[in-house]
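Below is one structure, written out as structure tokens; comments come after it.
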Amino acid sequence: MSKRDIDSFLDPKYLEEILGSFSKATGLHIEAVNRKGETLSTLGNKNRSDFCQFIRSHSKGEKKCLDSYKEATLEAAKWNEPYFFRCHAGLVIWAVPIILDNVFLGSIICGQVLLWKPDEFFLRELKKSNAKDLDFDILQQKVKNLSITSPEQSQAAADMLFVVVSHLVKRNIHTMEEENAYHLQRLQIKADLENRKKQNITEFADYRTYLKKERRFLSYIRLGDKTRAESTLKNLLTDLLTKTAGDKATIKIRVLELASLSSRAAVEGGADAEQVMVKLQDFNNEVNSIERIEEFFFKVQKVIEEFLNGIFKLADKKHLSLVNNARNFIMENYHKPLTLKATADHLFISPSHLSRLFRLELDCTFNDYLTRVRVEKAVELMKKPEFSVEQVSKAIGFKSQSYFAEVFRKYIGVTPLIYKNSLF
Amino acid sequence: MIFDDIIHSIAEGESEETLELTKKALAQGYSANSILEKGLITGINIIADKYRTEKVNVPEVLMATHSMHAGLSIIEPILTVPTKKGLGKIILGTVAGDLHDIGLSIVKAMAMSAGARVIDLGVNVTPKKFARAVRKEKPDILMISALLTTTMSVMKDVIVELEVQGLRNDVKVIVGGAPITDAFAKEIGADYTFEDAFQLRDFLKENLSKLLASKRTSP
């Protein structure tokens, strides 16, 4: 965008034309300010309140006003939404960011109102911050003329102004949706951390624990267990934030790793390799240009969700819930001598129907799937030194150890004994 | 019950009522501590919980905050036990990029009630400014607050700055804020963190003098 575009956007005449009537309709004072908090123009016919004019009549007061505006403008730009604040003199003001083609120009400042009747605490604070430079009796007099608006009215005015400004800068709906998603992501991370604190969850502190959780997460992907995969992923990301103390460079690397590991796991779980790799490529390109942690988290969760969806090609909801129930049943009972018939009975459907569903939704037979679950569990159990290969084989429901060895070799590439010996 | 009325007045943002009720509660003989804990903090927590589920808008939060501060202004002078020499000096502030002061004011009240001398740097404090204050004031404890997941990492910058300037060993660092967990505090090299302001208060009451004694004997 050229400098001329910026100038012409902030041209008072242009803004006046569009935002002037907003001020007239709401009776609220609005002004356009640049990034430094300096006022470019007052829009509409509502001047600055007497109170503000009086505060600004002293150079120190004016400096504080400017600082307040500057800070608010920066905050508004940071969150890309209306930012409410109380100025140094206690008034409630909100700033709506002006961001044109990703260039942050300034903000529209609106308000200079009170949300409450000026109480003794308010006056005491006002005295503390301004009485040195200004005649407090006059100031107190001017407080009486300030308008008081309700919180609903203020919020509504801010929302409306935001819509108007967004329209002016031609912000498209897609960016707004993404912003909203990031906002939710931030809330989600925070809620997660707060919950951990409340529940005193055994704390994660090292990468050993992190990698263990990562392996569990990947095995859920391979098994197409979306629910468990997604909740483990949330957990992993929160761990990551804690472990890296919010260091963006490290988080970026870990997130990229997670995405590529997940892509492989999804292919092993039955997703289409071509599609998965295209999605991964898109993800890598996108992540290159982003900066905020919540964006990393949002994007990686999104791409992994797509990977997981790729495992289920048909989106027939009714089938899916049956398959899910079957899968949960297998997860809980894999260590028993489980058959297609027993599982079908549990779901009150015929074995042939269940068999067909597995082919349709998971592109494998019931027995294939059961074996995969057992092998995943076997890998997990092998990492515990106290279990022998024989015990592992029994624990996951294999009757014959040699058959277990054969199956294990087929999936993992080496026999259970070699695998176990390589670990310790 | 007067505490319920205080809670209600904060949730509604009726600052004048909060002021009157706080005075009334004091006159009825309730301790400043119990008013803070069962009235003001409970009230603001209700708003914070509602905000988390997005049932309130920001102006309402501003109103509730104003009411809480109004109430706090009444009990703060009473809460503050006369600072005794030897009970230490505490500096506190919210990190750069973060403008939240509710938790900060509560923690400040708690620290004052423990008898320490408290210097409040306010909000949006840069690592350099924290370090400068530590160098100048030589506090026993530095308390750093962050409410946002996006500003948590600045806490680490503060500690690094203290290390770079060779000030880290002279001061105990306590970090706090809604998203701050034990694991995070440990990871960034802080000395302590607490689940909430009450735990901090209990800790200070019990350990402030011990902490200072151990600091004086250690080289």
Side-chain angles (χ1 to χ4, degrees), chain A residues 71-72 74-75 78-79 81-86 90 92 94 111 113-122 124-125 149-156 158-159 184-194 196-198 200-201 203-205 238-239 241-248 292-294, chain B residues 13-20 22 48 51-54 56-67 69-74 97-99 101 123-124 146-157 159-160 177-190 193-196:
Chain A
E71 201 169 79
L74 286 172
E75 284 293 310
K78 189 158 87 191
W79 306 112
E81 62 182 29
Y83 178 74
F84 278 87
F85 66 105
R86 292 186 63 197
V92 172
W94 49 98
V113 294
L114 288 177
L115 293 174
W116 46 79
K117 273 187 294 177
D119 51 66
E120 55 168 90
F121 171 63
F122 172 84
R124 213 164 42 228
E125 292 285 300
T149 67
S150 72
E152 295 82 21
Q153 206 182 349
S154 314
Q155 182 74 52
D159 289 345
L184 291 177
Q185 183 75 57
R186 280 196 296 272
L187 290 179
Q188 147 78 37
I189 302 170
K190 208 170 136 193
D192 212 28
L193 284 168
E194 283 177 40
R196 283 186 184 204
K197 212 158 88 169
K198 271 197 206 115
N200 267 328
I201 288 178
E203 289 268 12
F204 148 84
T238 309
D239 284 349
L241 183 68
T242 309
K243 178 68 192 167
T244 58
D247 177 53
K248 282 182 201 130
R292 289 183 292 181
I293 293 167
E294 61 265 29
Chain B
E14 296 287 350
S15 52
E16 253 176 348
E17 263 180 46
T18 314
L19 279 171
E20 290 315 312
T22 308
Y51 184 65
R52 230 164 271 146
T53 51
E54 299 202 88
V56 280
N57 53 38
V58 181
E60 284 177 61
V61 179
L62 283 181
M63 287 177 78
T65 316
H66 176 71
S67 297
H69 277 127
L72 203 55
S73 75
I74 302 290
D98 201 325
L99 306 176
D101 69 344
V123 298
N124 202 9
L147 193 84
L148 302 169
T149 50
T150 46
T151 52
M152 281 159 70
S153 59
V154 185
M155 290 181 153
K156 187 177 182 180
D157 302 341
I159 292 176
V160 169
I180 309 303
T181 59
D182 278 349
F184 180 81
K186 208 158 97 189
E187 195 59 48
I188 63 170
T193 186
F194 299 96
E195 200 182 317
D196 55 34

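In what follows, every chain begins at residue 1, and chains take the letters A, B, ... in the order their sequences are listed.
Neither the backbone nor the side chain of B/Thr151 has a heavy atom closer than 4.5 Å to any heavy atom of chain A. Neither the backbone nor the side chain of A/Leu114 comes within contact range of chain B; no heavy atoms are under 4.5 Å apart. When heavy atoms are compared at a cutoff of 4.5 Å, B/Ile188 approaches chain A solely by way of its side chain, counted from C-beta outward. For A/Ile293, no part sits under 4.5 Å from any heavy atom of chain B, backbone or side chain. Heavy atoms of A/Ala191 lying under 4.5 Å from chain B are absent altogether. Proximity to chain A involves both the backbone and the side chain of B/Leu147, based on heavy atoms less than 4.5 angstrom apart. Only the backbone of B/Phe194 comes within less than 4.5 Å of a heavy atom of chain A; no side-chain atom from C-beta onward does. Using a 4.5 Å cut-off between heavy atoms, A/Phe122 touches chain B through backbone and side chain atoms alike. At a 4.5 Å heavy-atom cutoff, the contact between B/Met152 and chain A is made by side-chain atoms alone.
No donor-acceptor pair under 3.5 Å is formed between the side chain of B/Asp98 and the backbone N or O of B/Asn124. B/His66 contributes no side-chain N or O that, together with a main-chain N or O of B/Leu62, makes up a donor-acceptor pair within less than 3.5 Å.
The CD atom of A/Glu294 sits 6.0 Å away from the CD1 atom of A/Ile189 when rounded to the nearest 0.5 Å. Atom CG of B/Leu72 is separated from atom OG of B/Ser67 by 12.0 Å, given to the nearest 0.5 angstrom.
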Between A/Leu193 and A/Thr238, is a side-chain contact (heavy atoms from CB on, under 4.5 Å) present by the stated rule, with each step listed? CA-CA 7 Å; A/Leu193 284 168; A/Thr238 309; 3.6 Å; yes
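When only modelled atom types and interatomic distance are considered, A/Gln188 and A/Asp192 share no side-chain donor-acceptor pair under 3.5 Å.
Contact count versus chain A (heavy atoms, under 4.5 Å) is highest, among B/Lys156, B/Glu60, B/Glu16, B/Met63, for B/Met63. Per-residue heavy-atom pair counts under 4.5 Å with chain B were compared for A/Glu152, A/Arg292, A/Glu71, A/Lys78, and the maximum is reached by A/Glu71. Most heavy-atom pairs under 4.5 Å with chain A, from the set B/Asp196, B/Thr149, B/Asn57: that is B/Asn57. The greatest number of non-hydrogen atom pairs below 4.5 Å with chain B, out of A/Arg186, A/Arg124, A/Lys248, is found for A/Arg124.
For A/Thr242 against B/Phe184, the heavy-atom pair with the smallest separation is CG2-N, 3.3 Å. Minimum interatomic distance between A/Glu75 and B/Leu99 (heavy atoms only, all atoms of both residues): CG-CD1, 3.6 Å.
Residues B/Ile180 and B/Met155 meet the side-chain proximity criterion, which asks for heavy atoms closer than 4.5 Å.
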